[in-house]
Structure formats: C-alpha cells, structure tokens
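Atoms within each ligand, like the ligands themselves, are counted from 1 in listed order. Basis for what follows: all heavy atoms, side chains included, without hydrogens, waters or symmetry-related copies.
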Amino acid sequence: MLPSHGSNPHYLYDSLSIAQPEETLDFSANLNPLGPPQTLIEKWPDAFNLITTYPDPHSATLTKKLAAMHNTEESRVLVGNGGAELITLVGRFLFHKRVCIVQPAFSEYEEACRSAGCEVTYHTLEEGWRLDPKPLIEKMNHLDAIFLCSPNNPTGVSYDPESVRTLIAEAEKRDCYLIIDEAFADFLHEEPSYTVELMTNKNLIILRSLTKMFAIPGLRLGYMMAHPEVISAVKKLKPHWSVNALALMAGEICIEEQAYTTATRKFIEEERVKLQLFFEKHRYIYSRSSVNFYLLKDPERTDQAPLLHYLMKNGIVPRHTENFPGLNGRWLRFAIRTSDENDRLMEVLASWRS
Ligand SMILES: Cc1ncc(COP(=O)(O)O)c(C=O)c1O
C-alpha cells in the first residue's frame with residue numbers, strides 16, 4: 001500500500017521496503033522551496049500569546065483582507081483549516097449528488113465526495129492534458145457538480161482561462177456546480193481571475209490554499225470563494241474554531257507579501273528552464289508545467305518503478321503517481337526545490353542514464 005500523498009517520506013520508504021538513507025531530499029511535497037517569508041519568521045516569537053485564547057471563529061480580519069485582495073465581498077469568502085478542510089466540506093455540501101472529477105487530479109476530491117455518499121465519475125484527459133470544454137459540457141446535464149484542478153496537481157498544467165470561462169458559463173446555465181481548485185494559482189505569472197463571474201454566478205466555487213506558496217503546510221490555511229448562499233451553507237458544516245490563531249496570524253502577514261510571491265515565481269521559472277534543458281539533453285519526458293512541480297518519465301522504460309527505486313536509494317524522494325487516475329504510475333512527480341537540490345536531482349538522473 002503506497003501512501004496516498006507526498007511529504008513524510010518514511011511512509012514511502014517503508015511501503016516499498018527500501019532502507020531510508022541518512023539524508024534524503026523530499027521532492028514529493030509541492031511547497032515553495034524558498035521557505036516561509038522572512039516577515040513571518042521574524043514575527044513568529046510574538047505568536048505564542050495567541051494560543052492562550054480562542055481564535056476568531058469567523059476569521060474576520062483575514063476574510064476582510066482576502067475579499068479586498070480578490071475585489072469581492074466578505075460574504076463570498078470562507079477561511080478554512082487548509083484547502084483540504086474546504087474540500088471535505090464541499091463534499092458534504094454535495095451530499096449524495098452526482099459528481100464528476102476531471103482527472104488526473106488531487107485525490108481528496110474523490111475521498112470527500114465518496115464519504116458524503118456522492119456518485120463519482122471521471123472525465124479523464126489524454127496525456128498532454130489539454131482541456132476541451134465541449135465533451136465536459138455534454139456531460140453537465142447529468143451532473144450536479146464538476147471538480148477541476150487548475151493549475152493541475154499532479155501535472156502542473158494550467159488550463160486555458162478561456163476554456164475555463166466557457167465551462168463556468170455553461171455550468172451555470174445547467175445549474176451544475178463547478179469547483180475550481182486553484183491551490184497553486186499564485187505560482188502562475190499571470191493569475192487567472194474569475195472574480196467577475198464570482199459576483200453573479202451561483203454555481204462557481206473557487207478553492208485556494210495558503211500553505212503552498214508560503215510553505216506553511218503544518219499550520220493549515222486555505223479559503224474558498226463562492227456565492228453567499230453557498231458560503232453560508234458550507235459554513236454551517238464547518239466546526240467552530242477550525243482555523244487556529246497561529247494560522248490566522250500567518251495568513252494576515254503572508255498575503256501582504258507580494259514581493260516574495262513575485263521573487264518565488266521568478267526563481268521557479270529559472271529553475272524550471274534549467275531542469276527542462278537537462279531533461280531534453282538526457283532524453284527524459286516532462287509535463288508542460290507552469291508551476292512549482294512537474295511530471296517526469298523515462299521514455300526508454302514502460303515501467304517507472306525501477307527509476308523510483310533507484311532515486312529513493314539515492315536519497316531522492318519523488319511522488320509516485322499510482323493513485324492518480326489517468327496516470328496510474330506511468331509518471332513520477334517532482335517539486336521544484338532549491339537550486340542545489342535540483343542540481344542533485346539532475347546528478348542522480350544523469351547517473352541513472354549511465
Ligand atoms: C490541488 C490541491 N488542493 C488542495 C490541497 C490541500 O492544501 P492545504 O490543505 O494544505 O491547503 C492540496 C495539497 O496538496 C492540493 O494539491
């Protein structure tokens with residue numbers, strides 16, 4: 001049984017019965033390799049006092065700031081204990097409904113929907129992962145909701161905003177919810193904005209995470225944007241105080257960090273170009289990612305398991321893709337890490353070739 005998520009590499013070592021080397025580099029978690037912003041690190045010693053009182057159950061200050069950032073209203077924003085909590089709550093909101101997941105995609109949508117008794121089907125994109133709205137629109141008449149992950153985890157591909165806009169409009173006409181998970185949108189040079197649609201559309205739900213760009217997954221912080229009626233229905237399902245005070249403080253600091261976000265995007269882009277040149281030279285195939293992770297495979301092998309084992313024995317931990325429908329282990333996923341760590345990855349991939 002392979003672990004269902006990246007991070008915590010010892011689970012992958014244990015499940016594959018590979019002895020974990022003393023030093024490993026974790027390429028399986030898609031976090032900002034530059035770490036949390038300096039301002040957050042500096043303010044952290046002040047945070048201790050926050051744990052002696054209950055957090056604001058309405059996350060009022062952060063909600064206000066997020067609404068202003070997205071040019072929307074506070075009634076259209078709900079802060080959650082990570083994007084993961086909001087996915088679970090949206091699943092419960094869709095109790096017993098007919099849901100389609102555009103695959104490959106983050107596995108939690110299916111978990112959340114199945115545990116809420118939903119009927120789950122897939123719309124699986126062909127490799128290359130281009131989104132053609134037409135076949136999906138045809139399915140909408142028989143669906144209550146569609147999950148779309150863009151930029152996509154695991155491929156890193158960002159779907160064309162025009163196609164997404166078409167889906168948003170058609171879903172509304174057919175009273176089908178369209179849930180767009182944009183957990184990685186802030187890694188894009190040009191972030192898509194569906195704020196205009198959000199202000200009128202009752203069927204659009206946007207999910208966001210603060211844990212990726214700001215490298216704070218241990219704190220748990222995300223938010224969703226939707227019509228006020230959807231927000232209040234989801235809010236009723238949410239446990240009181242589910243977002244802790246430390247996360248709220250971190251969120252308020254992080255969303256002001258535009259310069260940090262811009263510097264991260266630039267850094268990621270430079271590393272991605274460097275890695276892609278290497279992959280081409282050494283005959284590896286990769287996905288056309290626009291964010292901080294990508295898929296990779298050795299086209300000279302039908303089975304990527306030997307490459308996975310080789311990397312892990314050499315202390316490089318990728319994310320397996322066995323539990324992504326549409327990939328089924330045919331690729332490995334890697335985060336873009338620091339320059340030295342990416343160099344080490346290239347060194348090991350070059351040694352695999354020889
Ligand atoms: C696409 C996507 N959405 C949401 C999440 C959940 O993020 P978090 O709960 O850390 O905010 C993840 C985490 O890997 C993800 O990949």
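Every atom of ligand 1 with a heavy atom of S209 under 4.0 Å away is listed here by number and element: 7 (O), 8 (P), 11 (O).
Using a cutoff of 4.0 Å between basic side-chain nitrogens and carboxylate oxygens, R283 and E300 are scored as salt-bridged.
Nearest protein heavy-atom contact of atom 6 (C) of ligand 1 is A84 N, 3.7 Å. Nearest protein heavy-atom neighbour of atom 14 (O) of ligand 1: K212 NZ, 2.6 Å. When hydrogens are left out, the protein atom nearest atom 16 (O) of ligand 1 is N153 ND2, 2.7 Å; that is the closest non-hydrogen contact. Of all protein heavy atoms, the one lying nearest to atom 10 (O) of ligand 1 is T211 OG1, 2.7 Å. The closest protein non-hydrogen atom to atom 12 (C) of ligand 1 is F106 CZ, 3.3 Å. In this structure, atom 2 (C) of ligand 1 lies nearest to the protein heavy atom D181 OD2, 3.4 Å.
Ring-plane geometry between F293 and F184 is classed as perpendicular, the angle between the planes exceeding 60 degrees on a 0 to 90 degree scale with a lower cut at 30.
The shortest N/O to N/O separation between G83 and ligand 1 falls below 3.5 Å. For E85, no nitrogen or oxygen atom sits less than 3.5 Å from a nitrogen or oxygen atom of ligand 1, counting backbone and side chain alike. Between L210 and ligand 1, not a single N/O pair is under 3.5 Å apart.
Taking 4.0 Å as the cut-off, R220 counts as a neighbour of ligand 1 on heavy-atom distance. Not a single heavy atom of E108 lies less than 4.0 angstrom from ligand 1. Under a 4.0 angstrom heavy-atom cut-off, C149 registers as being in contact with ligand 1. Ligand 1 lies within reach of A183, whose nearest heavy atom is under 4.0 Å from it.
Using modelled atom types, one finds a donor on one side chain and an acceptor on the other under 3.5 Å when comparing D298 with W352. In this model, a donor atom of one side chain and an acceptor atom of the other lie less than 3.5 Å apart for D181 and Y109.
With C254 as the fixed residue, the side-chain contact (heavy atoms from CB on, under 4.5 Å) test singles out one of L210, L40, T39: L40. Between L178 and the options L143, N203, I146, a side-chain contact (heavy atoms from CB on, under 4.5 Å) holds for only I146. Among the candidates R337, E347, R272, the single residue satisfying the side-chain contact (heavy atoms from CB on, under 4.5 Å) test with N342 is R337.
To the nearest 0.5 Å, atom CG of residue L296 and atom CH2 of residue W331 are 7.5 Å apart.
Residues S193 and E197 approach most closely at O-OE1, 4.3 Å, considering heavy atoms.
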